[in-house]
Amino acid sequence: MKVLKFGGTSVGSVESILSLKRIVEREAQRQPVVVVVSALGGITDQLLSTAQLALSGNETWKDSFDNMVERHHQLIDSVITDNIKHSELYHKVDTLFEQLHSIYFGVFLIHDLSHKTEDTIVSYGERLSSHIVATLVENARWIDARTFIKTERKHNKHVLDSTLTQQLVRDAFSHQHTITLVPGFISQDKDTHETTNLGRGGSDYTASIIAAALDADILEIWTDVNGFMTADPKVIKAAYTIHELSYIEAMELCNFGAKVVYPPTIYPVCVKNIPIQVKNTFDPDGEGTIIKAKIKNDGKPIKGISSIKGTTLINVAGLSMVGVIGVNRRIFTALANHGISVFMVSQASSENSTSIGVREQDADAAVAVLNDEFAKEIETGAMFPMEAQSGLATIAIVGENMRHLPGIAAKLFETLGRSGISVIAFAQGSSETNISVVIEAAYLRKALNVLHDSFFLSEYKVLNLFICGIGTVGGKLIEQIRSQYDELKEHSRLKLNVVGIASSKHAIYNRDGLDLQTYREELQASELSSPQKLCEAVIGMNIFNSVFVDCTASGEIAALYQPLLEHNISVVAANKIAASSPYDEYMRLKQTAVTRGVKFRYETNVGAGLPIIGTINDLRNSGDKILKIEAVLSGTLNFIFNELTADVPFSETVHRAKEEGYSEPDPRIDLSGKDVIRKLVILTREAGYKAEQEEVEKHLFVPDEYFEGSVDEFWKRLPQLDDDFEKRRRTLEQQGERWRFVASMEHGKMKVGLQAVAQSHPFYNLEGSNNIVLLTTERYKAYPMQIQGYGAGADVTAAGVFANIMSIANI
Ligand SMILES: Nc1ncnc2c1ncn2[C@@H]1O[C@H](COP(=O)(O)OP(=O)(O)O)[C@@H](O)[C@H]1O
Ligand SMILES: N[C@@H](CC(=O)OP(=O)(O)O)C(=O)O
């Protein structure tokens, strides 16, 4: 025979409950089955919260109550079509609801909610759901679990009396019936006959107890996911099903928070060597997970990762502890006597402190118990009063193959460290099937994600992007990401998840990825943002593998790189401000990136999509030395000088550069050489020299006074330069030469200026807005290396930014 347990997720909706019916009736054709059901998903919580409302005198407990009635009625109306069955069931359900109403009303009237009353209230969830399922499934008999699941009171808690229960279960099932329906979770005190329960999630335990007592062939746990997975799929999108788990591995994972199976469930069936199968009600033919004693060795060191959010660490410390035998015994005995369980212990080898991990709800009691136990030692000063640190989370990585395999703990620490997550306590049992670490709870999601990424070969690598700036470059980048998304996912196994987009005024975020078609409307409708708010939000989301992409020209945004890098967020900048800022600031950014193990990339700062910075880095990394750089680095200026003819005056060429989207928003940044100076400084630094903007020698072609005042004034005055330019242009034409605005660096000395180049010069034929760079190095001396191509334009710049992002994905 088989025992099948269906959780709240499997009786919560019409779809799931009809699937349950099919699964059970199909199985019953082969062998007798016992079906254990939980309350409708969410009802247990609602029963408890309604009780709290009634207790506090809040009249809305009635609305919440009505809502529960309505939900059960609706479910019955949708799935029970037979009129007689329908009215019989309504009668049963409404009788239960009448009782429940009276209890709530009593709580409301006398403002009192004892544990006993609360346990009674919460039992209605399973009592209601099991009647619905028993009516829905053909030929099912219903038995009340309270007649055979018996508890006794120990340390103020209800614990199972397993000997009595086993006997009663056998008696209750002595006459075999094809389908028997049992409400999970609920039990009865063997002495007082009060209604009790087996703890939250306890229906799994009910099913396991029955399976063990009846020597079932298998225990099946039916839920809403495809079996036991490498991590909680609600937190880790890349989690996948573990097809086989040993009892020990399953126990470790469940003890550390894998809610899919309630921890006490495993022991009764493990002792009897009964396998547990975890399956998905919404995908009944899926393979799911089998948990048993002996499993195939798949060679993987880690099977799964689980976590407990509400962790408190209690530090038991004092000088008297050193070498004293019995302190640990006293700690554990005292806690056990008060029914407080410790799920993690970490002791330094000096033995003067022991950290114990308890659940947040047990923390106050644990501190009181330990202060009491060691009251004498604390009074004499030999021990310190207990210190509790809350707001923590525990993560466990579990796998039997971890045993004797070196390097697992190192990898765990390394992975967390690279993401800026510190380990507060660490524990590894001598069985070596579990390594646990305690971290700040705020970092839990991020930690789980990076650990999953590092220990499991996920189907996809995920990069989470925050894109700042949706102008020409940012807009194009988003377009490119959108059109490449499927291709990258399919062929490179990379998911580029855009989790944040900011314009100059607004910002939107979504951990699961924003819609790249509608983001502009979403931004419009969103709240006002600011660079400071943006920074806080990006850091606050605390997302793993994240990259901040700056497609603005804003100094305020560039100022965010330092805090972002410090929080282990990589930065890709099209914005040149940071890389050309004072040398010390630039170095600080680079060093922060190195120490934090993240990337700071800004290839498009020079030559848009051309591989200039990367090439210089490659040359230097391979031992070459950059001796000289000669370059035309302004696509805008090159465009202007190429457009200049007898018919097109200078001022018109500047207008055209703006219209074509080549120039900076304020074209004076290009005309003043400022943009080229910044680029030259960046290249010089990449070439290995300490360079500052002020050190660049300038030979400009627009008089200084044009750079004062507003942009409007500038546009008005610009035509005054046309005649002089035309005169100089004609002379140049006669000499067979062309103007190029050249940036050069030789042994660290930098220069920019307008230069007339003859036909034989490699710069002479530089078309349109193209850029060119000549690199003279120790290896490329007689014939410098030449890089040439589009040096401006939204498409190529966005593509360069995209390439930088891909280099961080490292695929
Ligand atoms: N390692 C894991 N594998 C599968 N599910 C997990 C794991 N860890 C946590 N879970 C969570 O457990 C949930 C199932 O447990 P629960 O909500 O109690 O379901 P049920 O109501 O069916 O008992 C899943 O939806 C999933 O979010
Ligand atoms: N209904 C109870 C018992 C239970 O086991 O539920 P589920 O199977 O939905 O986790 C609870 O919510 O705690």
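These figures come from a predicted structure and were not determined experimentally. Every number for a ligand or one of its atoms is a count from 1 in the order of the listing.
Qualifying salt bridge (Lys or Arg N to Asp or Glu O under 4.0 Å) partners for R445, counting only residues two or more places apart in sequence or in other chains: none. Legend: residues meeting salt bridge (Lys or Arg N to Asp or Glu O under 4.0 Å) with E194, ordered by chain and number and at least two apart, are K116.
Residue G8 has at least one heavy-atom neighbour below 4.0 Å for each of these atoms of ligand 2: 7 (P), 8 (O), 9 (O). Atoms of ligand 2 lying under 4.0 Å from any heavy atom of R200, numbered from 1 in the order shown and given with element: 11 (C), 12 (O), 13 (O). Proximity to E126 (heavy-atom distance under 4.0 Å) selects the following atoms of ligand 2: 1 (N), 2 (C), 3 (C). Every atom of ligand 2 is numbered from 1 in the order shown, and the set under 4.0 Å from a heavy atom of G201 is 3 (C), 4 (C), 5 (O), 10 (O), 11 (C), 13 (O). The atoms of ligand 2 that sit less than 4.0 Å from any heavy atom of S38 are 4 (C), 5 (O), 6 (O), 7 (P), 8 (O), 9 (O).
In terms of polar-atom proximity, defined here as any N/O pair under 3.5 Å, G7 makes no such contact with ligand 2.
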Quick one: ligand 1 N/O to protein N/O pairs below 3.5 Å?
{"from": "ligand 1", "atom 1": "1 (N)", "to": "M229", "atom 2": "O", "distance (Å)": "2.9"}
{"from": "ligand 1", "atom 1": "3 (N)", "to": "M229", "atom 2": "N", "distance (Å)": "2.8"}
{"from": "ligand 1", "atom 1": "17 (O)", "to": "K259", "atom 2": "NZ", "distance (Å)": "2.8"}
{"from": "ligand 1", "atom 1": "19 (O)", "to": "T223", "atom 2": "OG1", "distance (Å)": "3.3"}
{"from": "ligand 1", "atom 1": "21 (O)", "to": "G8", "atom 2": "N", "distance (Å)": "3.0"}
{"from": "ligand 1", "atom 1": "21 (O)", "to": "T9", "atom 2": "N", "distance (Å)": "3.2"}
{"from": "ligand 1", "atom 1": "22 (O)", "to": "T9", "atom 2": "OG1", "distance (Å)": "2.6"}
{"from": "ligand 1", "atom 1": "22 (O)", "to": "T223", "atom 2": "OG1", "distance (Å)": "2.8"}
{"from": "ligand 1", "atom 1": "23 (O)", "to": "K5", "atom 2": "NZ", "distance (Å)": "3.1"}
{"from": "ligand 1", "atom 1": "25 (O)", "to": "D224", "atom 2": "OD1", "distance (Å)": "2.9"}
{"from": "ligand 1", "atom 1": "25 (O)", "to": "D224", "atom 2": "OD2", "distance (Å)": "3.4"}
{"from": "ligand 1", "atom 1": "25 (O)", "to": "K234", "atom 2": "NZ", "distance (Å)": "2.6"}
{"from": "ligand 1", "atom 1": "27 (O)", "to": "D232", "atom 2": "OD1", "distance (Å)": "2.7"}
{"from": "ligand 1", "atom 1": "27 (O)", "to": "K234", "atom 2": "NZ", "distance (Å)": "3.2"}

For residues 225-233, which side-chain donor-acceptor pairs fall under 3.5 Å, sequence neighbours excluded?
{"from": "N226", "atom 1": "OD1", "to": "N280", "atom 2": "ND2", "distance (Å)": "3.0"}
{"from": "T230", "atom 1": "OG1", "to": "Y240", "atom 2": "N", "distance (Å)": "3.0"}
{"from": "T230", "atom 1": "OG1", "to": "Y240", "atom 2": "O", "distance (Å)": "3.4"}
{"from": "T230", "atom 1": "OG1", "to": "H452", "atom 2": "NE2", "distance (Å)": "2.7"}
{"from": "D232", "atom 1": "OD1", "to": "K234", "atom 2": "N", "distance (Å)": "2.9"}

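For the pair G125 and ligand 2, no heavy-atom separation below 4.0 Å is found.
Contacts between K259 and ligand 2 below 4.0 angstrom, taking non-hydrogen atoms only, are absent altogether. Within the 4.0 Å heavy-atom criterion, both parts of S203, backbone and side chain, lie near ligand 2.
The environment of Y267 atom OH is sparse: at most 12 non-hydrogen atoms of other residues, nucleotides or ligands sit within 6.0 angstrom.
Remark: the Y90 side chain and the D77 side chain contain an N/O donor-acceptor pair separated by less than 3.5 Å.
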